[in-house]
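To start, the structure itself, in structure tokens.
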Number of protein chains: 2
Amino acid sequence: MSRFQILPEAVEGNDTTLMPCAACDVREMTICSVLGGHELDRLAQIVARVPVAAGQTIFQEGDDAEHVYNIVSGSVRLFKLLPDGRRQITGFLFDSDFLGLALKQHYAYSAEAVSPTVVCRFPRGKLERLFDDLPKLEKRLLDEASNELIAAQDQMLLLGRKTAAERLSSFLFALARRQNNRHVELEMTRTDIADYLGLTIETVSRTFTKLRKLDIIDTPDAHSVVIKDASVLKDMAEGE
Amino acid sequence: MSRFQILPEAVEGNDTTLMPCAACDVREMTICSVLGGHELDRLAQIVARVPVAAGQTIFQEGDDAEHVYNIVSGSVRLFKLLPDGRRQITGFLFDSDFLGLALKQHYAYSAEAVSPTVVCRFPRGKLERLFDDLPKLEKRLLDEASNELIAAQDQMLLLGRKTAAERLSSFLFALARRQNNRHVELEMTRTDIADYLGLTIETVSRTFTKLRKLDIIDTPDAHSVVIKDASVLKDMAEGE
DNA sequence: CGGGACTTTGAGCAAATTCAACCATTGTGG
DNA sequence: CCACAATGGTTGAATTTGCTCAAAGTCCCG
């Protein structure tokens with residue numbers, strides 16, 4: 001449904017003035033954290049804050065990669081499609097995550113907001129030109145790419161070799177770690193989770209029920225999970 | 001079987017002297033290609049050429065990441081294991097490929113030679129320290145990481161959403177492109193292919209037979225594939 | 001030429017999918 | 001304010017794809 005929606009234009013130096021980088025909530029957790037005040041100004045000159053409604057497309061696979069982003073708040077799904085509509089979600093992004101790797105001429109995947117989201121948008125060309133003056137920025141991005149590569153390899157192991165219960169356990173355990181809380185909030189639907197874990201929604205639903213019956217989790221509602229036994233969940237996630 | 005073998009020590013500046021970077025066969029296709037003669041000397045000072053026998057371990061997941069590598073010749077498999085032995089091969093590397101991303105303190109996966117291989121070995125710390133003097137090198141590595149990220153996302157789509165026939169077609173099509181030849185040589189066994197595609201060896205074997213019966217490929221022997229209809233193979237690989 | 005590693009094929013099985021029905025929640029218009 | 005349509009979630013039954021178990025065939029390589 002969001003396929004034909006486009007991102008509203010934000011005027012640079014407008015929203016930005018109202019919310020300069022120095023006052024940014026997530027600055028210390030993003031790529032910006034490597035920059036000092038003076039360097040941050042350079043970045044602030046090319047940045048724009050853009051709100052994105054739930055379900056809205058940020059960019060599509062194959063589009064000219066004009067921008068890269070930091071997620072300020074909200075959540076985003078990245079995915080690839082097969083011609084017949086089969087979808088693989090390759091990752092979920094949350095506040096402080098960088099969006100736009102790999103740095104290539106065209107986006108290799110599509111990105112949509114899962115929930116109402118605010119992104120911090122940089123023109124890719126201008127950012128890359130900043131690399132020469134701000135080598136710390138490039139180092140940080142290489143580090144970011146390394147982290148994503150490791151996550152991608154973990155996900156390949158999950159998709160290629162784990163059972164449904166192991167997949168869902170891995171997902172919930174990772175979310176709990178990210179949210180730093182036994183009470184996990186799921187912004188995404190069962191369809192999103194299924195397309196991320198390489199399963200169907202029915203299997204995801206049945207597996208939630210199974211984990212609940214095993215007393216490993218509780219699901220007060222469809223979008224909340226309470227981890228009752230983190231150690232068993234972790235073992236199940238790791239296939240032991 | 002190769003689990004407890006270790007890499008023979010190569011004396012730096014020994015083999016290296018016999019085969020300096022300037023005379024390297026694959027230099028123009030590796031990360032070294034961004035460097036000029038003078039810069040290449042800096043790299044040559046920290047490099048060592050090491051032969052690796054088929055089946056031999058180059059490094060293991062969790063090991064301290066002391067070195068990174070260029071593959072000079074041969075082929076390498078990267079993989080992760082679950083505690084019960086299930087294996088997911090996350091990639092195959094061939095001549096001119098870079099080995100060692102993500103650049104982290106510990107290797108996130110294991111690497112073994114598939115066939116007799118020669119690698120060009122760099123101490124990771126020394127290489128990273130060269131980044132400041134040779135920013136082109138770091139740029140190239142970020143580019144390399146971007147390519148790997150894209151490949152990883154393609155592989156997630158394959159593992160999460162493609163059928164057995166689509167997976168094998170994707171694999172053969174990618175190899176044909178890489179080898180730039182309709183006659184594809186498979187260095188790896190059916191077990192390796194299965195662990196790369198998230199299947200069992202039996203399913204891989206049956207799927208070879210299926211593609212052969214469909215007249216899409218021919219298999220003169222178990223390690224040679226001739227692509228008879230590249231266009232149909234490509235369509236099948238892409239799920240059409 | 002013999003033995004081990006690898007590959008292929010067959011038969012039955014199981015995990016996950018498909019198809020279908022039903023339930024819960026939410027938002028909308030009468 | 002309620003009826004009801006739409007969306008999302010759960011559960012059940014039947015089916016299917018790919019897996020497990022088993023056996024036989026092939027190819028090196030000494």
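Letters go in sequence order (proteins before strands), and every chain restarts at 1.
Rounded to whole angstrom, the span from the CZ atom of A:Phe208 across to the C1' atom of D:dG8 amounts to 13 Å. When rounded to the nearest whole Å, the span between CD1 of B:Ile201 and C1' of C:dT9 equals 12 Å. Summarising the geometry, the separation between CG on B:Leu159 and C1' on D:dG18 is reported as 14 Å, rounded to the nearest angstrom. Distance, A:Leu199 CG to D:dT16 P: 20 Å, rounded to whole Å. In this structure, B:Arg87 atom CZ and D:dC19 atom C1' are separated by 18 Å, rounded to whole Å. Straight-line distance from the CZ atom of A:Arg212 to the C1' atom of D:dG9: 11 Å, rounded to whole Å. Atom NZ of B:Lys213 and atom C1' of C:dT9 are 9 Å apart (whole Å). Across the protein-nucleic acid pair, A:Arg161 atom CZ and C:dA15 atom P stand 16 Å apart, rounded to whole Å.
Proximity of residues 184-198 of chain B to DNA chain D (heavy atom under 4.0 angstrom from any strand atom) is restricted to B:Gly198. Residues of residues 215-229 of chain A having a heavy atom closer than 4.0 Å to DNA chain C: none are found.
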Sort me out a list of protein N/O and nucleotides 19-23 of chain C N/O pairs below 3.5 Å, or just none if empty.
from, atom 1, to, atom 2, distance (Å)
C:dC19, N4, A:Glu202, OE2, 3.0

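Rounded to 10 degrees, the angle separating the terminal helix axes of the helix from C:dC1-D:dG30 to C:dG30-D:dC1, each built from five base pairs, is 30°.
Using a 4.5 Å heavy-atom cutoff, the side chains of A:Leu233 and A:Met236 are not in contact. Annotation: side chain of B:Val47 is not in contact with side chain of B:Arg121 (no heavy-atom distance under 4.5 Å). Between B:Ser110 and B:Thr57 there is no side-chain heavy-atom pair separated by less than 4.5 Å.
Applying the 4.0 Å criterion to OP1 and OP2 of C:dA16, one finds that A:Thr200 has every side-chain N and O outside that range. Regarding contacts with the backbone of D:dG18, every side-chain N or O of B:Thr203 stays at 4.0 angstrom or more from both OP1 and OP2.
Residues passing the salt bridge (charged side-chain N to carboxylate O under 4.0 Å, His left out) test with B:Asp215 are B:Lys228, sequence neighbours excluded. In this view, A:Glu187 satisfies the side chain to side chain donor-acceptor pair (under 3.5 Å) rule with no residue, not counting sequence neighbours. The ring pair (Phe, Tyr, Trp, His ring centres under 6.0 Å) check on A:Tyr107 picks up A:Phe59, with sequence neighbours excluded. Contacts of B:Thr191 classified as side chain to side chain donor-acceptor pair (under 3.5 Å), with partners at least two apart in sequence or in another chain: none. Remark: A:Asn147 pairs with B:Lys104 by the side chain to side chain donor-acceptor pair (under 3.5 Å) rule, at least two apart or across chains.
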Going by atom type alone, with no hydrogens or angles, which donor-acceptor pairs under 3.5 Å involve a side-chain atom of residues 207-214 of chain A and a protein atom two or more places apart or on another chain?
from, atom 1, to, atom 2, distance (Å)
A:Thr207, OG1, A:Thr203, O, 2.6
A:Thr209, OG1, A:Ser205, O, 3.1
A:Arg212, NE, A:Thr219, OG1, 2.7

Contacts table for residues 154-162 of chain A: side-chain donor-acceptor under 3.5 angstrom, sequence neighbours left out:
from, atom 1, to, atom 2, distance (Å)
A:Asp154, OD1, B:Lys80, NZ, 2.9
A:Gln155, NE2, A:Tyr196, O, 3.1
A:Arg161, NE, B:Arg87, O, 3.0
A:Arg161, NH1, B:Leu199, O, 3.4
A:Arg161, NH2, B:Ala194, O, 3.2
A:Arg161, NH2, B:Asp195, OD1, 2.8
A:Arg161, NH2, B:Leu199, O, 2.7
A:Lys162, NZ, A:Ser170, OG, 3.0
A:Lys162, NZ, A:Ala237, O, 2.8

For residues 171-179 of chain A, which side-chain donor-acceptor pairs fall under 3.5 Å, sequence neighbours excluded?
from, atom 1, to, atom 2, distance (Å)
A:Arg178, NH1, A:Asp97, OD1, 3.0
A:Arg178, NH1, A:Asp97, OD2, 3.1
A:Arg178, NH2, A:Asp95, O, 2.6
A:Gln179, OE1, A:Glu185, N, 3.0
A:Gln179, NE2, A:Glu185, O, 2.9

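Summarising the geometry, atom OH belonging to B:Tyr109 is positioned 7.0 Å from atom OG1 belonging to B:Thr90; distances are rounded to the nearest 0.5 Å.
A salt bridge is defined here as a Lys NZ or Arg NE, NH1 or NH2 lying under 4.0 Å from an Asp or Glu carboxylate O, and A:Lys234 with A:Glu238 meets this definition.
What you find for B:Arg77 and B:Phe79 is that their closest heavy atoms are O-CD2, 4.0 Å.
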